[in-house]
Amino acid sequence: MAEQPGAESPLLNEKMSEAFDWSDSKLPVRDAIWDYYMEKNDHDTLKTEKDVEPYMNMSTDDLKSKAEELLKK
């Protein structure tokens, strides 16, 4: 089934360890992205909300690619 435009990707709610074979984190992808930007933004919630917003409506493929760029160490 195709994703609806503007709908949240189900990947956001998957555990990192389920979404990515390189991760052993039990955090949902959504939380891992949030935590990354909170650290980057010196814990500024408003900046983090702006940075995270685009991820909420990305296709699953785009989200997976972008999350991997940010989070894979």
Side-chain angles (χ1 to χ4, degrees):
M1 183 174 181
E3 293 174 31
Q4 296 295 321
E8 279 191 2
S9 169
L11 181 67
L12 287 169
N13 296 317
E14 283 187 43
K15 292 179 183 174
M16 287 290 294
S17 60
E18 294 171 357
F20 302 102
D21 60 2
W22 47 264
S23 178
D24 60 0
S25 175
K26 300 296 182 205
L27 276 179
V29 172
R30 168 192 319 272
D31 293 350
I33 293 170
W34 180 266
D35 290 351
Y36 170 84
Y37 280 108
M38 281 295 278
E39 287 296 317
K40 180 179 177 232
N41 292 328
D42 200 28
H43 298 271
D44 183 322
T45 303
L46 296 178
K47 283 183 186 176
T48 299
E49 281 180 347
K50 277 186 170 181
D51 287 342
V52 169
E53 187 176 352
Y55 294 90
M56 298 303 112
N57 296 311
M58 284 183 184
S59 71
T60 297
D61 290 340
D62 289 344
L63 176 60
K64 190 162 190 160
S65 174
K66 296 284 187 183
E68 192 159 7
E69 285 177 30
L70 288 179
L71 305 172
K72 188 174 181 180
K73 297 175 186 170

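- Screening residues 27-48 for ring-ring contact (aromatic ring centres under 6.0 Å, His included) gives Tyr37-Tyr55 as the qualifying pairs, with residues at least two apart or on separate chains.
- Met58 and Ser9 get closest at one heavy-atom pair: O-CB, 3.8 Å.
- Hydrophobic clustering (ILVMFWY, side-chain heavy atoms < 4.5 Å, transitive): Leu46 and Met56 are in distinct clusters.
- For the salt bridge (charged side-chain N to carboxylate O under 4.0 Å, His left out) condition, no pair includes a residue of residues 45-58, sequence neighbours left out.
- If you take CG on Leu27 and NZ on Lys15, they are separated by 10.5 Å, rounding to the nearest 0.5 Å.
- Summarising the geometry, atom CG belonging to Leu11 is positioned 9.0 Å from atom CE belonging to Met16; distances are rounded to the nearest 0.5 Å.
- The two residues Ala19 and Val29 make their nearest non-hydrogen contact at CB-CG2, 3.9 Å.
- The CG atom of Asp44 sits 8.0 Å away from the CE atom of Met38 when rounded to the nearest 0.5 Å.
- Residues meeting the salt bridge (charged side-chain N to carboxylate O under 4.0 Å, His left out) test with Lys26, sequence neighbours left out: none.
- For Asp31, there are no side-chain hydrogen bond (donor to acceptor under 3.5 Å, both in side chains) partners at least two apart in sequence or on another chain.
- Applying the side-chain contact (heavy atoms from CB on, under 4.5 Å) test to Asn13 and every residue at least two apart in sequence or in another chain returns Arg30.
- In this structure Thr48 satisfies the side-chain hydrogen bond (donor to acceptor under 3.5 Å, both in side chains) test together with Asn41, sequence neighbours excluded.
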